[in-house]
Amino acid sequence: MLQARELAHPVRLARGIFYGWWLALIGAVIMVIGTVPLFQALSLWMPVLQGHFGWTPTQLSWAFTLTRVEGTVMGPIAGWGVDKLGPRRMVFIGLVIFGLGFLLFSRTANLWMFYVSFVVISLGGGLGSWLPANAALNNWFRRRRSTAMSIPMLGFGLGGVIIVPLMAWMMGWDAQAAAEIPGRLGWQNTALVAGAVALVAALPLAWLVRNRPEDHDQHPDGIDPTTVAASGPRRSANGGGATAPEYTWQEAVRTRTFWLITMGHASSSIIIISVMTYLGLVMVERGFDLVQVGLVISVQTAVSTAFMVIGGMVGDRIPIRIAIFAFSFLQSIAIGVLLFADTLPLFFLFAILMGMGFGGRTPLTTSIRGVYFGRVSFARITGISMIPMNIMFIVVVPYIAWMRDSVTGTYTLPFATIAIVSAVGSFMFLLLGNPRLSATQRRQADVRRLVARGAGASD
């Protein structure tokens, strides 16, 4: 029979299964609660708020722009917090802020309350979901890093398949009548439920997070490094051997590799954030209702969910830079379909292609920083690399609204522009070579070789 102290330690309870895999599942739950109600559901919130308050796409886009300004400032701070306080504490802090933000959003009565609440929600999601979950997994995995990081994103995808249509039903918004359907919760109570769930889940989810395997007498991937050393170095498709790269954030930002990854990731990400923000508005403008919007989002997220796992497995088996290029370029092809979509089947084709591209690249654009820069400063390196991405988000979201409202009257030209930018970004990953040891590691290796030669000469 289990003792009480064993019940208090989930790592002990998970014996027989490497706890890193349990941690990946916990990360999936964190992603469902801490990201889906905002980011996956953006295509629901935007037309509902437009219909309820009469706000323009430009006014709505400023909410997202403000969250990206906040993200630009908070990205490095969040990275520092994860590295210093640990993923566990940051999950708790972030989910509490996320929940409080949704409670505030549920009481929105004017544009400024909407802006403030979205900034608070985004802050909580940034601090407590994606970054700490993946930072913990980067500590727990090396050889199976991409596969492990695909599992939290699987939660993000499954949440979109299940939670987004459920939220659409709960909101009960009739886009044609610009009114709520009687008998449903309405958008404000739906926001209230999202906030309450985050607040209730914050403590138990944080309690289950474990920062490093070494703190619990385990090792990355569940493999004892002394066993690996005895059997000789084993190399992977991404250059991983007995000695893996380990960079400080100062060393990383001075490398060409850091900037290729950063700008490639940023360029490929502007597509999905544009789709999340404007897909609902595009479809409503072309004569579709909110339920159909929810169905298209559901198809996209269902496909992306499957390809998050496929992408993670592919990234562990072939050079990760090639895998990211292929999946990222597929996103640009999907946008090409969206430009001409005027029937539901064409929107479903767009959703399938976008799901394949976005789902496949998502775990890889996270794990690639662990592949090339290691474990020591993963969160800070990731947080700093989010700055150019957020700056691009700040530009692209209002750019699309401005082009549609003031220049072309449609979303065609701005979406064509982001498809081209994303295609260029996908080629940046092809310019990466194999992972290399940091300058500090190379100097240490040189010293060891000199010492070894001196010892050999003395013998």
Side-chain angles (χ1 to χ4, degrees), residues 24-25 27-44 125 129-130 133-134 146-168 265 267-280 282-283 292-316 320 323-338 341 344-368 389 415 418-419 422 425-426:
L25 291 174
V29 177
I30 291 170
M31 291 293 288
V32 169
I33 294 173
T35 63
V36 171
L38 177 63
F39 295 106
Q40 289 284 66
L42 265 179
S43 290
L44 301 180
S129 59
W130 175 77
N134 283 295
S146 293
T147 301
M149 289 186 179
S150 72
I151 295 175
M153 297 312 300
L154 186 65
F156 182 73
L158 285 174
V161 174
I162 300 169
I163 302 300
V164 171
L166 176 61
M167 289 178 66
H265 189 184
S267 299
S268 65
S269 294
I270 62 172
I271 278 187
I272 192 62
I273 207 64
S274 300
V275 168
M276 286 180 177
T277 306
Y278 292 107
L279 179 60
V282 169
M283 291 188 67
Q292 291 170 314
V293 174
L295 287 173
V296 171
I297 296 172
S298 183
V299 169
Q300 178 190 319
T301 50
V303 175
S304 69
T305 298
F307 271 81
M308 283 171 188
V309 177
I310 293 170
M313 295 172 66
V314 169
D316 282 332
I320 194 170
I324 296 177
F325 160 74
F327 288 122
S328 295
F329 194 77
L330 190 57
Q331 292 184 139
S332 295
I333 296 174
I335 293 297
V337 174
L338 178 63
L344 202 56
L346 278 177
F347 275 107
F348 284 141
L349 176 60
F350 153 77
I352 291 168
L353 294 174
M354 179 58 68
M356 292 170 64
F358 170 66
R361 76 152 181 86
T362 296
L364 305 183
T365 47
T366 302
S367 66
I368 193 171
M389 179 184 296
F415 269 94
I418 65 169
S422 180
S426 66

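Just so you know, these numbers come straight off a predicted model, no measurement behind them.
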ask   = Can you check side-chain contact (heavy atoms from CB on, under 4.5 Å) on Val275 and Val282, steps first, answer last?
value = CA-CA 9 Å; Val275 168; Val282 169; over 6 Å; no

Measuring only between side-chain heavy atoms, which start at C-beta, is Gln331 closer than 4.5 Å to Ile335?
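SC-SC contact between Gln331 and Ile335 ruled out.
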
For a quick test of reading the model, state the closest non-hydrogen atom pair linking [X] to [Y] and the distance between them.
{"X": "Gly27", "Y": "Ala133", "answer": "CA-CB, 4.2 Å"}
{"X": "Met356", "Y": "Phe327", "answer": "O-CD2, 3.6 Å"}
{"X": "Ala351", "Y": "Val299", "answer": "CB-CG1, 3.9 Å"}
{"X": "Ala24", "Y": "Ala148", "answer": "CB-O, 3.9 Å"}
{"X": "Ser129", "Y": "Gly34", "answer": "OG-O, 3.9 Å"}
{"X": "Gly280", "Y": "Val293", "answer": "CA-CG1, 3.8 Å"}

Begin from the C-alpha positions of Leu330 and Ile333 and carry the test side-chain contact (heavy atoms from CB on, under 4.5 Å) through to its verdict.
CA-CA 5 Å; Leu330 190 57; Ile333 296 174; 4.2 Å; yes

Applying ring-ring contact (aromatic ring centres under 6.0 Å, His included) to Phe350 and not counting sequence neighbours gives none

- Task: Take Thr147 and Asp316, measure what side chain to side chain donor-acceptor pair (under 3.5 Å) needs, and give me the verdict at the end.
- Result: CA-CA 7 Å; Thr147 301; Asp316 282 332; 2.4 Å; yes

For the backbone of Phe358 and the side chain of Thr362, can you confirm whether one donor and one acceptor N or O come within less than 3.5 Å of each other?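 Confirmed, Thr362 side chain pairs with Phe358 backbone.
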
Check for a donor-acceptor pair, side chain of Ser304 on one end and backbone N or O of Gly355 on the other, with a separation under 3.5 Å.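 Judged by distance alone, no pair lies under 3.5 Å.
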
Q | side chain to side chain contact (heavy atoms under 4.5 Å, CB included) against Val314, all qualifying residues, sequence neighbours excluded | A |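 Side chain to side chain contact (heavy atoms under 4.5 Å, CB included) check on Val314 returns Ile310, Ile318, Ala323.
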
Apply side chain to side chain contact (heavy atoms under 4.5 Å, CB included) to Ser426 and list each qualifying residue two or more places apart in sequence or on a separate chain.
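Listed in chain order: Phe325, Ser328, Phe329.
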
Separation of [Y] [atom2] from [X] [atom1] (nearest 0.5 Å):
{"X": "Gln300", "Y": "Leu295", "atom1": "CD", "atom2": "CG", "result": "13.0 Å"}
{"X": "Ile320", "Y": "Ile368", "atom1": "CD1", "atom2": "CD1", "result": "5.0 Å"}
{"X": "Thr365", "Y": "Met149", "atom1": "OG1", "atom2": "CE", "result": "10.5 Å"}
{"X": "Met308", "Y": "Ile151", "atom1": "CE", "atom2": "CD1", "result": "12.5 Å"}
{"X": "Ile271", "Y": "Ser332", "atom1": "CD1", "atom2": "OG", "result": "4.0 Å"}
{"X": "Leu44", "Y": "Ile163", "atom1": "CG", "atom2": "CD1", "result": "11.5 Å"}

Exercise. Please walk me through it: do Arg361 and Ile272 pass side-chain contact (heavy atoms from CB on, under 4.5 Å)?
Worked result: CA-CA 11 Å; Arg361 76 152 181 86; Ile272 192 62; 3.7 Å; yes

